[in-house]
Amino acid sequence: MNLQIPLPTGFDFQECVNAHGWKSLAPFTWDADLKILSRVEQFAGQAPKLVRMSSSGSALIVEIDGTVPEVAARRLVERMLQLDIAMGDFHDYCKETDKLKHVPNSCQGRMLRSPTLYEDVLKVISTTNTTWAQTKAMVSRLVDNFGLPLLSDPSLRTFPTPEQLASVSFDDFAAKARMGYRSASVHKTATDIAEGRLDLESWSDPSIPSDDLYKRLLSLPGIGPYAASCLLIYLGRYHRVNVDSWARTLVGKEMGRKVTDKEVHEFFEPYGKWRALVYHFYPWRKDDDA
DNA sequence: TTCCAGGGGTAGA
DNA sequence: TCTACCCATGGA
């Protein structure tokens with residue numbers, strides 16, 4: 001089945017996909033030549049299906065093998081591409097802010113997300129205290145070992161559900177995932193969700209105050225200030241900068257010396273509620289993959 | 001061998 | 001609130 005979804009003003013499909021490294025994490029695959037984003041997804045008990053996304057003019061084109069519930073397909077794409085998050089106010093702010101005028105001109109601001117907050121949490125944990133190459137390897141092992149295969153191409157799999165991860169013992173999980181000390185946080189999060197103690201998806205509720213949401217995210221195992229701030233961005237809250245080693249490097253260069261996390265926060269404080277987006281789309285970039 | 005990478009958790013001050 | 005230390009993994 002094919003869907004054509006009208007794109008909001010100020011949205012650019014490629015800018016969204018390339019805004020950070022998520023396109024390189026399984027089960028996403030990004031064809032940079034054809035500009036097609038794909039992943040295997042399971043809809044309501046059906047066999048896994050390949051979902052392909054691209055853009056044409058002012059519409060997003062979604063192609064899915066076979067037939068799936070249209071409402072579910074639209075909801076899936078909306079979350080992944082942050083179509084439910086308005087960017088107008090941020091773009092207006094950038095138009096008036098030195099060094100940020102390229103943001104609205106390029107339709108930047110949205111970042112590719114996973115279909116669930118659960119998947120984003122596991123992936124953010126996989127980025128902490130490691131290299132990007134290892135992050136990609138850890139996430140691929142989650143998918144390859146615990147996801148469901150696409151029948152027409154078993155090399156492609158779904159991202160494992162909480163139930164699928166919880167169904168294996170911790171020792172078995174840790175041995176296959178090889179995520180180091182992160183394995184405990186990942187397996188516990190999945191198990192808590194599967195056993196009904198944690199409802200992460202309800203945290204996408206925009207009525208939750210941003211500070212409360214930050215505290216909730218910090219309560220998750222393996223999620224500290226950096227990871228919680230990353231997740232806030234995906235949830236459309238930009239008041240906290242995700243201070244990582246790169247932020248310290250960049251601000252350190254600006255100030256001509258080594259800086260603390262506190263000083264990095266102070267550096268971005270003038271940008272108010274847009275701080276995290278300003279850091280991300282500031283005209284300084286780390287590399288072309290992340 | 002040793003260090004450390006898009007940090008987190010904890011103890012002790 | 002701040003600092004020091006350890007944490008599994010795998011590449012350099």
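Lettering of chains follows the sequences in order, A, B, ..., and the numbering in each one begins at 1. In this text, all values refer to a predicted model and were calculated from it rather than measured experimentally.
Residues A/Ser229 and A/Tyr214 share a closest heavy-atom pair of OG-CE1, 3.9 Å.
When distances run from any side-chain atom of A/Asn129 to the nucleotides C/dC2, C/dC7, B/dG8, the shortest one goes to C/dC7. In the set B/dG8, B/dA5, B/dG6, B/dG8 carries the atom at the smallest distance from any side-chain atom of A/Thr128. Out of C/dG10, B/dG7, B/dG8, the shortest distance to the side chain of A/Asp244 is found at B/dG7.
Atom NE2 in A/His280 sits about 15 Å away from atom P in B/dG6, given to the nearest Å. Atom P of nucleotide B/dG6 and atom CD1 of A/Ile233 are separated by 17 Å, given to the nearest angstrom. Computed from coordinates, the A/Asn242 CG to B/dG7 C1' distance equals 12 Å when rounded to whole Å. Counting to the nearest Å, the P atom of C/dA8 and the NZ atom of A/Lys176 are 21 Å from each other. Taking atom OH of A/Tyr181 as the reference point, atom P of C/dT9 lies 11 Å away to the nearest angstrom. Note: CE (A/Met179) to P (B/dG8) measures 14 Å, nearest angstrom. Summarising the geometry, the separation between NZ on A/Lys23 and C1' on B/dG6 is reported as 14 Å, rounded to the nearest angstrom. In this entry the distance linking CG of A/Leu218 with P of B/dG7 reads 16 Å, nearest Å.
A donor-acceptor pair shorter than 3.5 Å cannot be found between the side chains of A/Ser114 and A/Tyr234.
Proximity of A/Arg178 to the phosphate of C/dG10: a side-chain N or O atom is located under 4.0 Å from OP1 or OP2. Residue A/Arg248 places at least one side-chain N or O closer than 4.0 Å to OP1 or OP2 of B/dG7.
Lacking a ring centre under 5.5 Å from that of the base six-membered ring together with a plane angle below 30°, A/Trp246 does not count as stacked on B/dG6.
Toward the 5' end of DNA chain C, the nearer of the two residues A/Ala174 and A/Lys262, judged by each one's closest nucleotide, is A/Lys262.
Contact annotation for A/Thr130: base contact, defined as any heavy-atom pair under 4.0 Å involving a base atom. Counting non-hydrogen atoms under 4.0 angstrom, A/Ile125 reaches nothing in the nucleic acid. Counting any heavy atom pair closer than 4.0 Å across all strands shown, A/Ala137 reaches no nucleic acid atom.
Atom CD of A/Glu163 sits in a crowded spot, with more than 12 heavy atoms from other residues, nucleotides or ligands closer than 6.0 Å.
Atom CE of A/Met138 sits about 9.0 Å away from atom OG of A/Ser183, to the nearest 0.5 Å.
Going from the C1' atom of B/dG6 to that of C/dC2 covers 23 Å, rounded to whole Å.
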* Under the salt bridge (Lys or Arg N to Asp or Glu O under 4.0 Å) rule, what do A/Asp192 and A/Lys188 come out as? Steps first, then yes or no, please. => CA-CA 6 Å; A/Asp192 283 352; A/Lys188 181 177 186 339; 2.6 Å; yes

